[in-house]
Novice: 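Pasting in a structure now, in structure tokens, and then I'll have a few things to ask.
In what follows, chains are A, B, ... by sequence order, proteins preceding strands, each numbered from 1.
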Amino acid sequence: MRHWLMKSEPATYSIDDLAKKNVPDMWEGCRNYTVRNFIRDQMSIGDLAFFYHSSCAMPGIVGIMEIVSEAFADPTQFDPKSHYFDPKSPLDNPRWFARNVSLVERWPTPVTLSDLRGEPLLAGMGVLQRGQRLSVMPVTDEEWKLVSQIGQAKSAAV
DNA sequence: GCCAACGTTGGC
DNA sequence: GCCAACGTTGGC
């Protein structure tokens, strides 16, 4: 099993939006080829991912999701009304892929970006690297364990 | 709103 | 295939 970090702007789609569904939801709208390859080729059903809130007052990891489907063509690329519409993506050879995800844990007390930066053992994490902008990226087993512990401890302490 | 970093586009 | 221009990301 692999581990991931997946970013979303909470103003667009937050962990509360996912929690409200009570069923798996589609992780859509990725429009970067590196991210596309992760989603299409590297993820597996059963993989776990951190849900990361970006571009907001308190950026950080707000919970855990599970990948629950194979990759499928992201329908928003074919929808002219969608913000994610891509007129150059051929119907018979889609450029962009999505997966369904389901909520595993929502952390009432997030592990903030500054929490992550404050932990020397996490200095190598992709999300902390200067200039990295991928909205989906792999997380090592060690990083996963440590961040999960921090997240669960912070949220249990409330 | 600023700006650094990076990906994508398109002219050549 | 090069590379400048442009657009986007995302923290601050």
Novice: Rounded to the nearest angstrom, tell me the gap between atom CZ in A/Arg95 and atom C1' in B/dG7.
Specialist: 13 Å
Novice: How long is the line joining CZ of A/Arg130 and P of B/dC3, in whole Å?
Specialist: 15 Å
Novice: Taking the six-membered ring where the residue is Trp, are the ring centres of A/Trp96 and A/Tyr84 under 6.0 Å apart?
Specialist: no
Novice: How many Å lie between CE on A/Met137 and P on B/dC6, as a whole number?
Specialist: 13 Å
Novice: I'd like to know whether the aromatic ring centres of A/His83 and A/Phe85 sit less than 6.0 Å apart in this structure.
Specialist: no
Novice: Between the protein and nucleotides 10-12 of chain C, list every N/O to N/O distance that falls short of 3.5 Å.
Specialist:
{"from": "C/dG10", "atom 1": "OP1", "to": "A/Lys7", "atom 2": "NZ", "distance (Å)": "2.6"}
{"from": "C/dG10", "atom 1": "OP1", "to": "A/Arg133", "atom 2": "O", "distance (Å)": "3.1"}
{"from": "C/dG11", "atom 1": "OP1", "to": "A/Tyr52", "atom 2": "OH", "distance (Å)": "2.8"}
{"from": "C/dG11", "atom 1": "OP2", "to": "A/Ser55", "atom 2": "N", "distance (Å)": "2.9"}

Novice: Please state how far atom CG in A/Asp86 lies from atom P in B/dG7, giving the value in whole angstrom units.
Specialist: 18 Å
Novice: Please examine the side chains of A/Arg117 and A/Thr112, heavy atoms only from C-beta on, and report whether any two atoms are closer than 4.5 Å.
Specialist: no
Novice: Quick check, are the ring centers of A/Trp27 and A/Phe97 under 6.0 angstrom apart?
Specialist: no
Novice: Apply the side-chain contact (heavy atoms from CB on, under 4.5 Å) test between A/Phe38 and each candidate in A/Arg40, A/Arg36, A/Gln42; give the one that qualifies.
Specialist: A/Gln42
Novice: Among pairs that include at least one residue of residues 112-140 of chain A, which meet ring pair (Phe, Tyr, Trp, His ring centres under 6.0 Å), considering only residues two or more places apart or in two chains?
Specialist: none
Novice: To the nearest angstrom, how far is A/Gln129 atom CD from B/dG7 atom C1'?
Specialist: 18 Å
